[in-house]
Amino acid sequence: MSTPDASDTQAKAIPYGLTLLLILLPPFFIPNLINLYRLPKEALSLLLTMALSWLWLLGFFRKAGDPQPVWPLFLPISASFLLGGASLIGALNPYEGARHLFNTALGATLFWMAVNHTNRGSVTPLFRWVAIAAAGVSLVGIIQAWGGEIPSLAQVTPPSATFGSKNMAAHYLLFSLPAAYYLLLTSSEPRREWFYSFLAAFITTYLIYTGARAAWGAAASTLIIFWCVLRARGFTPGELVSLGRRKWEFLAGITVFAVMMNTVPRSLIPGFTAEVSLDRLRSMAALETDGSAQVRFAIWANTLAMFKDHPLLGVGKGNFQFNYALYHRRVVKDPSFSVEKKAVEAHNDYVQLLAEVGLLGTAPFLWILGVLARRFWHGLRKDVDPAILATGFALAAILLEAFWDFPFENPVAIAFFWIYAGIMWKLTGEKAQRPAWTPSRRWALGLLAFLSLCTAAAAVLSFRHLAAEFHYSRAVLGNYRTQTMEEKLNLAEKDFETAIYLYPYDYRYPHWKAILLLGNGRSQEALQSNLQALRLNPYHINTINNLGAIHGALGNIPKSIQAFETALKIWPDYVSAHNSLAKLYEKAGMKEKAIDELRKILRIDPNNKRANENLKLLERG
């Protein structure tokens, strides 16, 4: 009896690892962490991908004559990585860009693992666990919509389940919903049909509860596109709807369930928070009066101006958020831009991609999409595997959703996209011809080693960032058991210092440390911390404003004035900076300039009592 080869065992473990990644990633969160959106899920994704990539590398290294694992989409993925790196030359914050490059490496690793280690038999179990996990997350969101609270689970925009934002939850649902319906429509066992119908019903209900119009529109548009594409491939209308009476009954039951879950609780439960679906649908037809749409249109126009100024390689991968402050009123005044809120994403991944990596960096991504679309088209035979339709639907829906939102900034969406793309590639490749060129074994081994090192480095940095975020969150929230303010301030300072030590690439940590030090009268130390924050984010108006306050505390009036004027060049409506300038001008004996600043405040805020009183005093004097 032969002993199983170690590399065979490792190869079999990789599909289980990919499934585990898709199960654990959506519900994973860290209690009391401010950065709930991305960082915990990104850290987990990188950790599991690192483990799988090293497992794959070890098995590939041990097994002589192993098939070449890296040829699909090798050229466009490599070009995307290289040009993304080139865009960081001269970028404001290359560290953030490197993090985004690591996500490119993560996507390539997941895609190639799915291509080489999944098969038709592993797809149904993977979809089953994806649907079960999604139903669990959806149940959390439904409980939140009904007024329930999950301990230690923050919500930025409820009902957000384990994602912080309901829009990010909707990104995830676009991947999990096709899996649930695939299981229902392909199952022949009555007990399984009932089970899968309940999973699909919960996920559908929660997608409605999110009120994510972009996700709704993407799903509806994908249905229409798929109908047209399948008709173009020779499928008749009868073939497209030939599901059988029992399947139609289940679909009708899911529809009734979702409608009742959206209407009945609204009249019975006082704490019901889900928005009225019909109102959300009507707002999609009135974009010219919709506030959210107007904000997006303004951001897009200004982001395109950013691209126009940097057409070839953009401002640097991941650097949109650091440059947008200079563009928030370039074409159209962004009504959402303020001291408290600044656009971190363009809410259109394609426009943001153009701005960050330019035409050269965008071309490889479009190349990848073109190759995937061609592969999917040729896979639509009369005997098409339903799993191809399920993965294709999810990929198309998320790509359409990216015109209105930012799924490719979401680690969950990134992982699902590339794993689904790999599965679709694998399932459509049974009759496809192998390309004329594939890398040699030595070359492939080197590439796998490079990707394994990238994922390992990214995982280490991500977990250091996660640990830093814990200390930062505790300091900002003041989660200390001591009751004395002095002890709280000392502990907060230590936490800020620890956060900076663990991850010195996040501008927020030295920014808030500077505020703390200034409040304690340690102006010189505050200045050094503030300058460190500005090196990471040079156009952050809050940090520039703090610089003015610090120079003022140090008695350097000219530099203080210069800092406040710089803040006002970026955001002329910054009342606090106008007020600080007025005081400095008055102190320096420049009465007319002080009066001018106070008048600017009143043009922005006519009911500002303090500015009115100060203006009257100056005009009388």
Side-chain angles (χ1 to χ4, degrees), residues 22 25-26 37-38 41 103 107 130 134 137-138 141 156-157 159-161 163-182 203-229 275 277 280-281 283-285 287 290 292-293 295-297 299-300 303 320 343-356 362 365-366 368-370 372-373 376 389-421 424:
L22 298 185
L25 200 55
Y37 279 72
R38 168 184 59 81
K41 298 179 189 300
N103 280 334
V130 164
V137 171
S138 298
V156 178
T157 51
S160 58
F163 283 82
S165 163
K166 59 185 181 180
N167 288 329
M168 285 191 165
H171 301 166
Y172 163 59
L173 297 176
L174 288 179
F175 288 103
S176 55
L177 201 58
Y181 281 101
Y182 161 84
I203 300 169
T204 302
T205 298
Y206 181 48
L207 179 60
I208 296 172
Y209 280 6
T210 64
R213 297 169 297 175
W216 297 353
S221 300
T222 304
L223 280 173
I224 296 171
I225 292 171
F226 265 46
W227 177 275
C228 296
V229 168
E275 298 183 65
S277 302
R280 297 292 286 172
L281 286 172
S283 69
M284 294 174 70
L287 295 180
D290 182 76
S292 176
V295 168
R296 280 170 165 78
F297 294 152
I299 294 175
W300 297 350
T303 305
F320 165 84
V344 178
E345 295 89 10
H347 288 271
N348 183 318
D349 277 335
Y350 305 102
V351 171
Q352 183 168 334
L353 187 66
L354 279 171
E356 289 188 341
T362 302
F365 182 70
L366 299 180
I368 291 169
L369 298 186
L372 289 174
F376 178 73
L389 296 177
T391 52
F393 184 95
L395 295 174
I398 206 68
L399 288 170
L400 288 173
E401 210 264 358
F403 279 102
W404 193 257
D405 219 329
F406 48 92
F408 290 101
E409 299 293 315
N410 177 358
V412 175
I414 292 171
F416 268 87
F417 180 88
W418 288 107
I419 292 174
Y420 275 27
M424 189 270 289

List the atom of [X], the atom of [Y], and the distance in Å for their closest heavy-atom pair.
{"X": "Pro159", "Y": "Gly141", "value": "CB-O, 3.3 Å"}
{"X": "Trp216", "Y": "Gly211", "value": "CZ2-CA, 3.5 Å"}
{"X": "Leu25", "Y": "Pro411", "value": "CD2-O, 4.1 Å"}
{"X": "Ser165", "Y": "Thr157", "value": "CA-OG1, 3.5 Å"}
{"X": "Ala397", "Y": "Thr222", "value": "CA-OG1, 3.3 Å"}
{"X": "Ala346", "Y": "Gln352", "value": "N-OE1, 2.8 Å"}

How are the rings of Phe403 and Tyr350 set relative to one another: parallel (under 30°), tilted (30 to 60°) or perpendicular (over 60°)?
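It falls in the tilted class, 30° to 60°.
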
Any donor-acceptor pair under 3.5 Å from [X] side chain to [Y] backbone:
{"X": "Trp300", "Y": "His347", "value": "yes"}
{"X": "Asn410", "Y": "Val412", "value": "yes"}
{"X": "Tyr206", "Y": "Ala161", "value": "yes"}

Going from [atom1] on [X] to [atom2] on [Y], what distance comes out if it is rounded to the nearest 0.5 angstrom?
{"X": "Asn167", "Y": "Asp405", "atom1": "CG", "atom2": "CG", "result": "5.0 Å"}
{"X": "Glu356", "Y": "Asp349", "atom1": "CD", "atom2": "CG", "result": "9.0 Å"}
{"X": "Thr362", "Y": "Leu354", "atom1": "OG1", "atom2": "CG", "result": "4.0 Å"}
{"X": "Met424", "Y": "Leu389", "atom1": "CE", "atom2": "CG", "result": "11.0 Å"}

How would you list, by chain and number, every residue that makes a side-chain hydrogen bond (donor to acceptor under 3.5 Å, both in side chains) with Ser221, sequence neighbours excluded?
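Checked Ser221 against side-chain hydrogen bond (donor to acceptor under 3.5 Å, both in side chains); zero matches.
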
Could you tell me which residues satisfy side-chain hydrogen bond (donor to acceptor under 3.5 Å, both in side chains) with Tyr182, sequence neighbours excluded, listed by chain and number?
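Checked Tyr182 against side-chain hydrogen bond (donor to acceptor under 3.5 Å, both in side chains); matches are Arg120, Thr124.
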
Before you tell me yes or no, could you show the steps for Phe320 and Ile299 under side-chain contact (heavy atoms from CB on, under 4.5 Å), namely the whole-Å CA-CA distance, both residues' side-chain angles and the distance that decides it to 0.1 Å?
CA-CA 11 Å; Phe320 165 84; Ile299 294 175; 4.2 Å; yes

Do [X] and [Y] have side chains that get closer than 4.5 Å, going by heavy atoms?
{"X": "Glu401", "Y": "His171", "result": "yes"}
{"X": "Phe416", "Y": "Pro26", "result": "yes"}
{"X": "Phe163", "Y": "Lys41", "result": "yes"}

Step by step, would you call Leu399 with Phe417 a side-chain contact (heavy atoms from CB on, under 4.5 Å)?
CA-CA 9 Å; Leu399 288 170; Phe417 180 88; 4.0 Å; yes

Between Tyr420, Phe175, Phe393, which is the residue that forms a side-chain contact (heavy atoms from CB on, under 4.5 Å) with Ile398?
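Looking at Tyr420, Phe175, Phe393, the match for Ile398 under the side-chain contact (heavy atoms from CB on, under 4.5 Å) is Phe175.
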
Which of these passes side-chain contact (heavy atoms from CB on, under 4.5 Å) with Ser176: Leu22, Val130, Val137?
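For Ser176, the side-chain contact (heavy atoms from CB on, under 4.5 Å) test succeeds with only one of Leu22, Val130, Val137, which is Val130.
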
Does a donor on one side chain and an acceptor on the other come within less than 3.5 Å for Thr204 and Tyr181?
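Side-chain D/A pair, Thr204 to Tyr181: present.
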
Step-by-step side-chain contact (heavy atoms from CB on, under 4.5 Å) determination, Asn348 to Arg296
CA-CA 8 Å; Asn348 183 318; Arg296 280 170 165 78; over 6 Å; no

Between Phe408 and Phe365, is the ring centre distance below 6.0 Å?
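Between Phe408 and Phe365, the centre distance is under 6.0 Å.
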
